[in-house]
Amino acid sequence: MKRNVKITIGLGICGAIIAAGYTLGKSDTADLIVTHQAIEREFAEVSHIDGDDLSTLAEQDIILLDVREPSEYNVSHLKGAVRVDPDMTADDFIENFSNVTAGKTVIFYCSVGQRSSSFANRVQDLLMSSGARAAYNLEGGIFQWHNENRLLVNNSAEPTRYVHPYNPIWGRMIENRKYTQY
């Protein structure tokens, strides 16, 4: 119950930041940056990686974990990403994923980084003790990845331009909203 309250508060904080940005007329990218800064403060123990640095890592050395709901993942995800239930316990995560994370650099992401940072914060100690090389949250999440015109794939592993906006408020951080799909 405490975890759900913290996530709800965190989502509320991010929502307030986003809403405030729009009333002040800030750009979509500026709102995503402000949101990421708030996430970094809230989850100071979690390391972050940006899209450029992620792109330099060898595919065989990483595992991408998408910490979003199935409906979001089904619209698009990063190539090779595996969906993880955002409400999964740390023990269940290790039981189900330690065999694929051992020896790997683990990258968590969600829409903007809130849910994935929360998840990474919960599991990273067990993850590292189970043999993972490193753990990061993707800065700006799939929204930033999409805004940078990086590759997304659909459930058929075909390239797509579409991204799930999570909700109408958060979806404002997607620069080209004609490519949003629920």
Side-chain angles (χ1 to χ4, degrees), residues 1-52 54 64-79 81-88 107-124 135-155 159-182:
M1 181 65 176
K2 278 186 177 179
R3 186 176 53 79
N4 289 338
V5 170
K6 185 174 182 179
I7 290 171
T8 302
I9 290 169
L11 293 174
I13 291 169
C14 285
I17 290 167
I18 295 163
Y22 281 97
T23 57
L24 297 173
K26 291 182 182 175
S27 72
D28 300 333
T29 303
D31 289 332
L32 195 53
I33 291 167
V34 168
T35 300
H36 178 70
Q37 291 168 343
I39 289 167
E40 282 186 315
R41 283 190 301 276
E42 183 177 353
F43 300 102
E45 309 81 23
V46 175
S47 297
H48 300 268
I49 188 169
D50 66 24
D52 289 338
L54 173 55
L64 297 166
L65 298 177
D66 186 312
V67 187
R68 298 180 300 151
E69 297 298 329
S71 60
E72 296 171 273
Y73 180 86
N74 291 340
V75 171
S76 66
H77 49 271
L78 277 65
K79 183 180 177 186
V82 176
R83 196 190 83 77
V84 175
D85 182 347
D87 295 322
M88 180 180 283
I107 313 295
F108 297 96
Y109 74 90
C110 63
S111 296
V112 299
Q114 178 71 33
R115 291 174 287 174
S116 52
S117 288
S118 176
F119 191 85
N121 190 54
R122 276 197 332 265
V123 304
Q124 67 184 354
Y136 296 97
N137 180 63
L138 178 61
E139 184 176 318
I142 197 170
F143 287 4
Q144 183 67 34
W145 191 264
H146 181 268
N147 289 348
E148 293 170 349
N149 296 309
R150 297 179 190 271
L151 177 66
L152 293 173
V153 297
N154 60 23
N155 272 347
T160 184
R161 294 281 301 139
Y162 290 95
V163 66
H164 192 291
Y166 181 71
N167 68 30
I169 302 263
W170 284 35
R172 292 178 181 171
M173 289 188 280
I174 298 168
E175 290 177 354
N176 195 341
R177 290 184 209 110
K178 75 178 182 181
Y179 292 115
T180 60
Q181 181 180 358
Y182 284 92

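Everything quoted here is computed from the prediction, not taken from an experiment.
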Colleague: Are any of the side-chain heavy atoms of Phe43 and Ser118 separated by less than 4.5 Å?
Modeller: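 In short, these two side chains touch, coming nearer than 4.5 Å.
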Colleague: So do the side chains of Val153 and Thr160 get within less than 4.5 Å of each other, counting heavy atoms only?
Modeller: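 When only atoms from C-beta onward are counted, Thr160 and Val153 do not touch, as no gap falls below 4.5 Å.
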Colleague: Could you pull out the closest heavy-atom pair between Phe108 and Ala135, with the gap in Å?
Modeller: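 Phe108 and Ala135 have their closest heavy atoms at CE1-CB, 4.3 Å.
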Colleague: Under the side-chain hydrogen bond (donor to acceptor under 3.5 Å, both in side chains) rule, what do Tyr109 and Asn137 come out as? Steps first, then yes or no, please.
Modeller: CA-CA 6 Å; Tyr109 74 90; Asn137 180 63; over 6 Å; no
Colleague: Can you give me the closest heavy-atom contact between His48 and Ile39, atom names plus distance?
Modeller: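 So the minimum-distance heavy-atom pair works out to CE1-CG2, 4.2 Å.
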Colleague: Any heavy-atom pair between the side chains of Arg172 and Asp31 that's under 4.5 Å?
Modeller: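 They are not in side-chain contact.
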Colleague: Before you tell me yes or no, could you show the steps for Arg68 and Ile142 under side chain to side chain contact (heavy atoms under 4.5 Å, CB included), namely the whole-Å CA-CA distance, both residues' side-chain angles and the distance that decides it to 0.1 Å?
Modeller: CA-CA 10 Å; Arg68 298 180 300 151; Ile142 197 170; 3.6 Å; yes
Colleague: Locate the shortest heavy-atom distance separating Asn176 from Arg161; write the atom from each residue and the value.
Modeller: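 Looks like ND2-NH2, 4.5 Å.
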Colleague: Look at the side chain of Trp145 and the backbone N and O of Leu151, then say whether any donor-acceptor pair between them is shorter than 3.5 Å.
Modeller: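 Judged by distance alone, yes, a pair lies under 3.5 Å.
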Colleague: Do you know which two heavy atoms are closest between Val163 and Ser76, and how far apart they sit?
Modeller: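 Answer, listing the atom of Val163 first, then Ser76: CA-OG, 3.5 Å.
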Colleague: Restricting to non-hydrogen atoms, name the atom on Gln144 and the atom on Glu139 that form the minimum distance, rounded to 0.1 Å.
Modeller: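 Shortest heavy-atom separation between Gln144 and Glu139 comes out as CB-O, 3.7 Å.
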Colleague: Any side-chain heavy-atom pair from Tyr182 and Val75 closer than 4.5 angstrom?
Modeller: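 They are not in side-chain contact.
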Colleague: Report yes or no: does Glu42 contribute a side-chain atom to a donor-acceptor pair with the main-chain N or O of Ser117 at less than 3.5 Å?
Modeller: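 Not at all, since once roles are kept as given, no pair shorter than 3.5 Å links the two residues.
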Colleague: Taking it one step at a time, do Thr180 and His164 satisfy side chain to side chain contact (heavy atoms under 4.5 Å, CB included)?
Modeller: CA-CA 6 Å; Thr180 60; His164 192 291; over 6 Å; no
Colleague: List the steps and the verdict of side-chain hydrogen bond (donor to acceptor under 3.5 Å, both in side chains) for Glu72 and Ser111.
Modeller: CA-CA 9 Å; Glu72 296 171 273; Ser111 296; 3.2 Å; yes
Colleague: Among Asp50, Val46, Ile107, which residue meets the side-chain contact (heavy atoms from CB on, under 4.5 Å) test with Tyr136?
Modeller: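 For Tyr136, the side-chain contact (heavy atoms from CB on, under 4.5 Å) test succeeds with only one of Asp50, Val46, Ile107, which is Ile107.
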Colleague: Find the distance between NE2 (His146) and CG (Leu78) and round it off to the nearest 0.5 Å.
Modeller: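 One gets 11.5 Å once the value is rounded to the nearest 0.5 Å.
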Colleague: Taking Asn147 for its side chain and Glu175 for its backbone only, find out whether a donor-acceptor pair lies under 3.5 Å.
Modeller: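 A pair under 3.5 Å: yes.
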Colleague: Taking all heavy atoms of Cys110 and all of Arg115, pick out the closest pair and write down the distance.
Modeller: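 The pair with the smallest heavy-atom distance is SG-N, 3.4 Å.
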Colleague: Checking Asn154 against Tyr162 for the side chain to side chain contact (heavy atoms under 4.5 Å, CB included) test, could you report, in this order, the C-alpha distance in whole Å, the side-chain angles of both residues, the deciding distance, and whether it holds?
Modeller: CA-CA 8 Å; Asn154 60 23; Tyr162 290 95; over 6 Å; no
Colleague: Quick one, Val112 and Tyr166 - any side-chain contact, counting heavy atoms below 4.5 Å?
Modeller: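 Heavy-atom side-chain distance check fails, nothing below 4.5 Å.
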Colleague: If you apply the rule side chain to side chain contact (heavy atoms under 4.5 Å, CB included), what do you find for Arg150 with Asp52, and how did you get there?
Modeller: CA-CA 10 Å; Arg150 297 179 190 271; Asp52 289 338; 2.5 Å; yes
Colleague: Nearest 0.5 angstrom please: Thr35 OG1 to Glu40 CD, how far?
Modeller: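 Taking OG1 in Thr35 and CD in Glu40, the distance rounds to 11.5 Å.
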